[in-house]
Amino acid sequence: QVLVHNHAEKDGSTDGALVDFRGNPVDKSRTGGWLGAGLILCTELSERICVMGISMNLVTYLVGDLHLPSSDSANIVTNFMGTLNLLALLGGFLADAKLGRYATIAIFGCIAAVGATLLTLATSIPSMKPPVCDSRSKGHCIEASGQQLILLFAALYTIALGCGGIKSSVSGFGSDQFDSSNPKENKAMIYFFNRFYFCISLGSLFAVTVLVYIQDNVGRGWGYGISAGTMVLAVAVLLGGTSLYRFKKPEGSPLTIIWRVLILAWRKRKLPHPSDPGFLNEYHNAKVPHTKMLGCLDKAAIHDDYAAADENRNNPWIVSTVTQVEEVKMVLKLIPIWSTCILFWTVYSQMNTFSIEQATFMNRNVGKFGIPAGSFAFFLFISILLFTSINERVTVPIARKITGNRQGLTSLQRVGIGLMLSVIGMVAAAVVEKQRRENATKHNYSMSAFWLVPQFFIVGAGEAFAYVGQLEFFIREAPEGMKSMSTGLFLSTLSMGFFMSSLLVSIVHKVTNGSWLKSNLNNGRLEDFYWMLAVLGVLNYLVFLVFSCRHQYKAQNLSTTLEDSEEELKNWNNTSINDNAEKNPNDAEKEEV
C-alpha cells in the first residue's frame, strides 16, 4: 500500500479530469467509491494468485518433471520475474501516454488469462514433458527438449506481459475511484490502500499454501488452471463494472520528457554553453532552481538557430525548459542509490529458487502430512507482515525517541537495515545448507525442512525494511513533475535484481564447471554460492554507505509531507499515502507480499 502513492503531483485530484465511461463528468453518487474500488481489488487478488502461484513453485516442476539442471531452472524463474517487473514499465507508459488505466488493466488482464491457460496446457499435455524419471539421483534422466519447452516459455512470458501491465495500473485505477479533496472519500481511500495490501497478502498466502498443494498433489494442470480461471473471472468482473468506475484521461508519460532531454542534449552537444544560464529556455520561469551538476544536459535548453524561430520556441522536441532539464538531473542523481538496491532483490530471488529446491531434499513431513516444498515461502510472507507491523508499532517510535527525528528512521536507514538483514539471511542459508548436505551424504539423514525457516524469516524481515525504505526514498526524492518515475525506478531494482541472479548463476556455473550448482544438491556446493552472495552483500553495503552519506535529502519534500499531521507519522508504514493527502496516488503496487 506504499507503492500506490508515487505520482501525487501528476495525478492531482482535479475532478475535471475524471469522467464516466461515456466521457461525461462523473456523477459521484453513482460512480466510484467502494462500488467501483471493490471490483478493482478482485483484479489485484487474481494477479497475486496467478504470479505467486507460478513463481514460488515453478523451480520444482522444472527440476523434478522436466529434468532441467538446477542452475537453468533457477534462471528460468528469475528471468520470468525480472521480465514481469520490467514489462510493468511498458504498461505504465502505455497507461500514462495513451490507453488509460482501465483499458490497460482490461487488455493486459486478458493477456495474462491467455498466458495462464497456455501454461495449463503446457503442464497437462503428456507430449510436453520428457519420460518420467524415478529418481534424480539414480540413472540418467532425459531433459525436456527445446520443442517441449516452447509452449512453456510462450506461456510464462505471456503471463509476464499481462501481469506486468496489470501491476502498473491497478492500484492507481483503484485510487481514482476516490476524491481526495473530499474528506469522507479521502478517509475511504486510506482504507482502500489497506485493503489493497490485504488482497496482496491474501493472494500470496493462498498461492503458496492451497495452490502449491494442488500443484504437487493433484496436478500442475489443476493448479495452473485455477490461476487461469481466477484471471478470466477477474477480467469479467472488471468489465462488468464498467459503468461504475471513474476514469482519468491519460496525460502523458514522464519517460517521454527524459528521452526528449537526453536526445536534445546529444543533438546540441557541440554547441557552447551560454555565457550566463539566464539565456537558457524558461530560466526565469523555472520551477526547479538551476544547478551546475551534469551541465552537459543544459544544452537541451539552449536556443539554437532552429529553436529561436517563433514557431519552435514552445516545441518540446526542439528545445527543453530548464525545469525539464533539472528534473532529469534529479532523476539521474538517484542512480547511485538505485544501483546499490539491486543486490537485495538478487538475494530475495533465492527464496523462490534454490531455497525451495533445498526443501525438496529435506524432511517435510509433519506427522503423516507432507508439506509441499513451495509452501515454505509461507514463512517469508508471514515474516514480511509481522515485521511491517513491528516497524510501525515498535521500531519507528523507539527510533523517533532515540534520534529525535519525527520520521523515526530515514528511508536510507531502512534500506541499510534491509541490506544487512539480507547478508545475515545468506549466512544462515549457507550454514544450514552445509549441515544439510553433510547429514545427507555422510549420515544418510534428512534434516527437517523447518531448518529453512530462519533464512526465509530473516530475508522477509529485510524486505519489510528495504521495500518500504526504497519506495519512500524514490517517492520523496523524485522531482515533483516526475513522481511516477519513483514507480519505474523501484520496479527496475526488482527487475535488475532478478536478472542479476540469473547472471551470477550462469557465471558461477561456468567458472566452477557446474560443481557448485547441481540438480542433485547433495552432490553440489550450494552453500558456497550463498557465501558468495553474503560477501557481495557486505561489499555492496559498504558502497551503499558511501553513497547514502553523500546524499542530500530534498528538504522541501520532508517539510511538506512529514509535518502535515502527527497521525500521518503514526501510520506511516501502513498508510503512507497520507504523505500528500491532497494528491492522488500513482500506478503501482506491492511487488512481493
Worked check of side chain to side chain contact (heavy atoms under 4.5 Å, CB included) between Arg48 and Lys167:
CA-CA 10 Å; Arg48 283 292 87 193; Lys167 180 188 299 298; 3.3 Å; yes

May I have the step-by-step check of side chain to side chain contact (heavy atoms under 4.5 Å, CB included) for Val459 and Ser422, ending in yes or no?
CA-CA 5 Å; Val459 174; Ser422 70; 5.5 Å; no

Go through it in stages, so that I can follow the logic: the residues are Tyr102 and Phe247, the test is ring-ring contact (aromatic ring centres under 6.0 Å, His included), and I'd like the CA-CA distance, side-chain angles, deciding distance and then a yes or no.
CA-CA 7 Å; Tyr102 170 78; Phe247 301 87; 5.1 Å; yes

Determine, step by step, whether Arg400 and Val396 satisfy the side chain to side chain contact (heavy atoms under 4.5 Å, CB included) criterion, reporting the C-alpha distance in whole Å, the side-chain angles of both residues, the deciding distance to 0.1 Å, and the verdict.
CA-CA 6 Å; Arg400 190 179 298 147; Val396 171; 3.3 Å; yes

Taking it one step at a time, do Phe456 and Ser355 satisfy side chain to side chain contact (heavy atoms under 4.5 Å, CB included)?
CA-CA 8 Å; Phe456 282 110; Ser355 292; 3.8 Å; yes

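One finds the OG1 atom of Thr78 at 10.0 Å from the CG atom of Leu504 (value rounded to the nearest 0.5 Å). Rounded to the nearest 0.5 angstrom, Glu327 CD and Leu332 CG are separated by 12.0 Å. To the nearest 0.5 Å, atoms CE (Met231) and OG (Ser46) are separated by 6.0 Å. Atom CG of Leu45 sits about 10.0 Å away from atom CD1 of Ile200, to the nearest 0.5 Å. Note that CG of Leu380 is 7.5 Å distant from CE of Met52, once rounded to the nearest 0.5 Å. A distance of 6.0 Å separates OG1 in Thr104 from CG in Leu94, rounded to the nearest 0.5 Å.
In summary, the side chains of Thr493 and Trp338 do not present any donor paired with an acceptor at a separation below 3.5 Å, with no hydrogens or angles considered. Checking Ser501 against Ser349 by side-chain atom types alone, a donor-acceptor pair falls below 3.5 Å. With no hydrogens or angles considered, no side-chain donor-acceptor pair links Asn85 and Ser492 at under 3.5 Å.
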Side-chain atoms of residues 532-549: list all donor-acceptor pairs with protein atoms under 3.5 Å, sequence neighbours left out, distances to 0.1 Å.
from   : atom 1 : to     : atom 2 : distance (Å)
Asn540 : ND2    : Thr340 : O      : 2.9
Ser548 : OG     : Phe544 : O      : 2.9
Ser548 : OG     : Leu545 : O      : 3.1

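Put simply, the side chain of Ile40 reaches to within 4.5 Å of the side chain of Tyr245, judged on heavy atoms. At least one side-chain heavy atom of His551 sits under 4.5 Å from a side-chain heavy atom of Leu334. With contacts defined as side-chain heavy-atom distances shorter than 4.5 Å, the pair Leu58/Leu156 qualifies. Proximity of Met81 to Ile54: side-chain heavy atoms (C-beta onward) are nowhere separated by under 4.5 Å. Taking the side chain as every heavy atom from C-beta outward, Val505 and Phe354 approach each other to under 4.5 Å. Thr43 is listed as a side-chain neighbour of Ile166, based on a closest heavy-atom distance under 4.5 Å. Side-chain contact between Ile390 and Leu386: present, with at least one pair of heavy atoms (C-beta onward) separated by less than 4.5 Å. Between Leu297 and Val328 there is a side-chain heavy-atom pair separated by less than 4.5 Å.
With salt bridges taken as basic N to acidic carboxylate O contacts below 4.0 Å, none links Arg414 and Glu463.
Listed here is the closest heavy atom pair of Ser201 and Leu385: OG-CD2, 3.3 Å. Nearest heavy-atom pair, Asn79 versus Ser502, reported as atom, atom and distance to 0.1 Å: OD1-OG, 2.7 Å. Minimum interatomic distance between Ala88 and Leu491 (heavy atoms only, all atoms of both residues): CB-CD1, 3.6 Å. When all heavy atoms of Ala461 and Ser383 are compared, the closest pair comes out as N-OG, 3.1 Å. When every heavy atom of Tyr157 is checked against every heavy atom of Thr83, the shortest pair comes out as CE2-OG1, 3.4 Å. Taking every heavy atom of both residues into account, Leu211 and Gly53 meet most closely at CD1-CA, 4.2 Å.
Ring-plane geometry between Phe379 and Phe376 is classed as tilted, the angle between the planes lying from 30 to 60 degrees on a 0 to 90 degree scale.
Each of Arg246, Lys249, Arg101 was checked for a salt bridge (charged side-chain N to carboxylate O under 4.0 Å, His left out) with Asp176, and the lone residue meeting it is Arg101. Exactly one of Cys163, Ser227, Ser204 qualifies for a side chain to side chain contact (heavy atoms under 4.5 Å, CB included) with Val51. That residue is Cys163.
The closest donor-acceptor contact from the side chain of Gln350 to the backbone of Val347 lies at 3.5 Å or more, if one exists at all. At distances below 3.5 Å, at least one donor-acceptor pair connects side-chain atoms of Ser495 with backbone N or O atoms of Gly82. Looking only at distances, no side-chain donor or acceptor of Glu44 sits under 3.5 Å from a matching main-chain atom of Leu41.
For Phe80 and Phe498, the ring centers sit 6.0 Å or farther from each other. Here the two rings, on Phe465 and Phe344, have centers that are 6.0 Å apart or farther. The aromatic ring centroids of Tyr467 and Phe490 lie less than 6.0 Å from each other.
A 6.0 Å sphere centred on CE of Met500 holds no more than 12 heavy atoms belonging to other residues, nucleotides or ligands.
When the side chain to side chain contact (heavy atoms under 4.5 Å, CB included) test is applied to Ala300, the partners found at least two apart in sequence or on another chain are Val261, Leu264, Ala265, Ser320, Val325. With sequence neighbours excluded, the residues that form a side chain to side chain contact (heavy atoms under 4.5 Å, CB included) with Val59 are Val63, Ser73, Val77, Ile356, Glu357.
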